[in-house]
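Below is one structure, written out as structure tokens; the observations come after it.
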Amino acid sequence: MVKNITIFTTNTCAYCQMVKKYLGAKGHTYEEVNLDEHPHRQAEATRLSGAMTTPVTIVTREDDSQEVIVGYNLAKLAPAVA
Amino acid sequence: MADTTTEIPKHDVIIVGAGPAALTAAIYTTREDIETLLFERGVVGGLAAVTDKIDNYPGFPDGVEGLTLAQDLQKQAERFGAVIELGEITAIHDEGEYKRIESTSGDMHARAVLIATGSDYKKIGVPGEQEFYARGVHYCATCDGAFYREKKLVVVGGGNSAVQEAIFLTRFASHIDLLVRSTIKASDVLQQELQEYVDKGKITIHLNTTTDLIEGEDKFVTKVTGTKDGKKIEFDVDGVFVFVGLEPNSEFVKNSAVLLDEIGFVTTNQDLMTAIPGVFACGDIRSGATMQIASAAGEGATAALKIREYLEGRAHPIQN
Ligand SMILES: Cc1cc2nc3c(=O)[nH]c(=O)nc-3n(C[C@H](O)[C@H](O)[C@H](O)COP(=O)(O)OP(=O)(O)OC[C@H]3O[C@@H](n4cnc5c(N)ncnc54)[C@H](O)[C@@H]3O)c2cc1C
């Protein structure tokens with residue numbers, strides 16, 4: 001079971017929109033961290049993902065285990081939030 | 001032979017991709033009440049969605065953000081009933097009246113298929129490029145540019161995309177070295193704009209410069225080495241954005257009867273029909289396309305009208 005979802009995004013990132021749309025269509029709520037509005041959280045996104053890119057989606061489960069999905073990757077995102 | 005048409009879902013039209021060409025075609029087919037399903041493996045809006053600003057699409061005197069145009073095209077297609085499924089088409093088989101489509105959601109049949117799969121960024125193929133992918137090596141400025149606030153970048157390429165994206169990246173980067181293998185091929189308008197950034201000291205152009213090696217420390221890029229006029233040249237930078245052209249997304253038809261040109265773009269007749277009757281192609285994926293959003297949209301409209309003729313049994317014979 002998914003406890004919460006956080007997505008790191010930017011204003012111009014089209015793939016971020018795709019992740020948000022997908023989660024919305026599946027009925028998930030999520031916290032969005034827009035890195036254009038909160039540039040100081042960029043290092044956090046990079047630390048969690050190991051990459052300099054958005055979207056980064058952090059799925060936290062009920063047992064507090066986390067899955068980090070880098071980019072718009074339905075093959076990983078779909079099972080992570082199923 | 002078993003009548004497989006009863007076993008798998010049937011559609012009037014399946015469109016492969018949901019870029020500007022596909023979405024325009026879907027606006028036309030659905031307005032004619034032709035049931036249409038689009039498959040998109042990446043972002044709805046295609047390359048247009050990941051382009052910062054589009055200044056040459058008619059009807060927008062002040063330009064339009066790529067993402068906005070993409071979202072509006074999607075809305076317009078969905079308004080008339082187009083259905084967009086997120087997934088990938090992996091093969092097309094000619095089974096006569098119905099084409100069998102393999103996808104990540106299973107097999108389907110379609111009376112007509114439109115290939116509108118566009119193209120993807122080409123790699124330069126140098127050491128370090130793959131190793132540092134998304135950790136200093138990037139192909140999408142609107143996706144990853146924000147990570148380079150007050151940092152130094154190399155942009156590789158000299159065409160319209162490279163120049164346009166280098167200009168976009170000046171919003172974030174403190175300085176950009178533009179490495180151009182030969183000369184700048186971008187349009188005059190873009191070259192004039194580029195010159196403004198060169199004059200401001202934001203961009204330095206290096207002509208006749210190849211990009212040879214990408215290196216890094218602690219998993220992130222720190223240096224790019226190239227050759228300029230026969231001499232080694234080094235750039236201490238935080239990232240590299242590569243825009244050296246595009247390669248066709250046609251791998252999924254390679255084992256079908258659809259014909260490709262020597263680069264891999266899909267060949268069609270004047271009705272935009274491929275070598276398989278009922279399978280059409282339009283936009284950037286079509287051999288001879290002009291690689292512009294306006295022309296992709298135009299071809300999408302033409303393809304839709306030709307598909308209607310085909311479905312009504314009025315198609316012209318194939319002349320490949
Ligand atoms: C950086 C950059 C800047 C540009 N700037 C401009 C500009 O200012 N003005 C302009 O007119 N043009 C511009 N272009 C070109 C323009 O983006 C393209 O000409 C246009 O997007 C082509 O539309 P299309 O629908 O043919 O293909 P695309 O936009 O490439 O869309 C094809 C879609 O098909 C999907 N797809 C591929 N294979 C499959 C599959 N097997 N299954 C499911 N889906 C699949 C892809 O994910 C993609 O979303 C620019 C291009 C780039 C790269």
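The sequence lines fix the lettering, A, B, ..., with proteins before strands; numbering per chain opens at 1.
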## Note on the structure
Bottom line for A:L35: the part with an atom under 4.5 Å from chain B's heavy atoms is both
What would the table of donor-acceptor pairs between chain B and chain A look like if you include every N and O pair under 3.5 Å, whether backbone or side chain?
| from | atom 1 | to | atom 2 | distance (Å) |
| --- | --- | --- | --- | --- |
| B:Q74 | OE1 | A:K21 | NZ | 3.0 |
| B:A134 | O | A:M52 | N | 2.6 |
| B:T142 | O | A:T12 | OG1 | 2.6 |
| B:C143 | O | A:T54 | OG1 | 3.0 |
| B:D144 | OD1 | A:T53 | OG1 | 2.4 |
| B:D144 | OD2 | A:T53 | OG1 | 3.4 |
| B:F147 | O | A:Q42 | NE2 | 3.3 |
| B:R149 | NH1 | A:Q42 | OE1 | 3.0 |
| B:R149 | NH2 | A:D36 | OD1 | 2.7 |

Measure across [X] and [Y] and return the closest heavy-atom pair with its distance rounded to 0.1 Å.
X      : Y     : value
A:A14  : B:A49 : CB-O, 3.4 Å
B:C143 : A:C13 : CA-CB, 4.3 Å
A:M18  : B:V43 : CG-CG2, 3.5 Å

Under the rule for side chain to side chain donor-acceptor pair (under 3.5 Å), what residues qualify as partners of [X], not counting sequence neighbours?
X      : value
B:E35  : B:H11
B:Q292 : B:N56
B:T117 : none

### Message
For B:L67, which atoms come within 4.5 Å of any heavy atom of chain A: side chain, backbone, both, or neither?
### Response
side chain
### Query
Non-hydrogen atoms of chain A under 4.5 Å away: do they reach the side chain of B:F220, the backbone, both or neither?
side chain
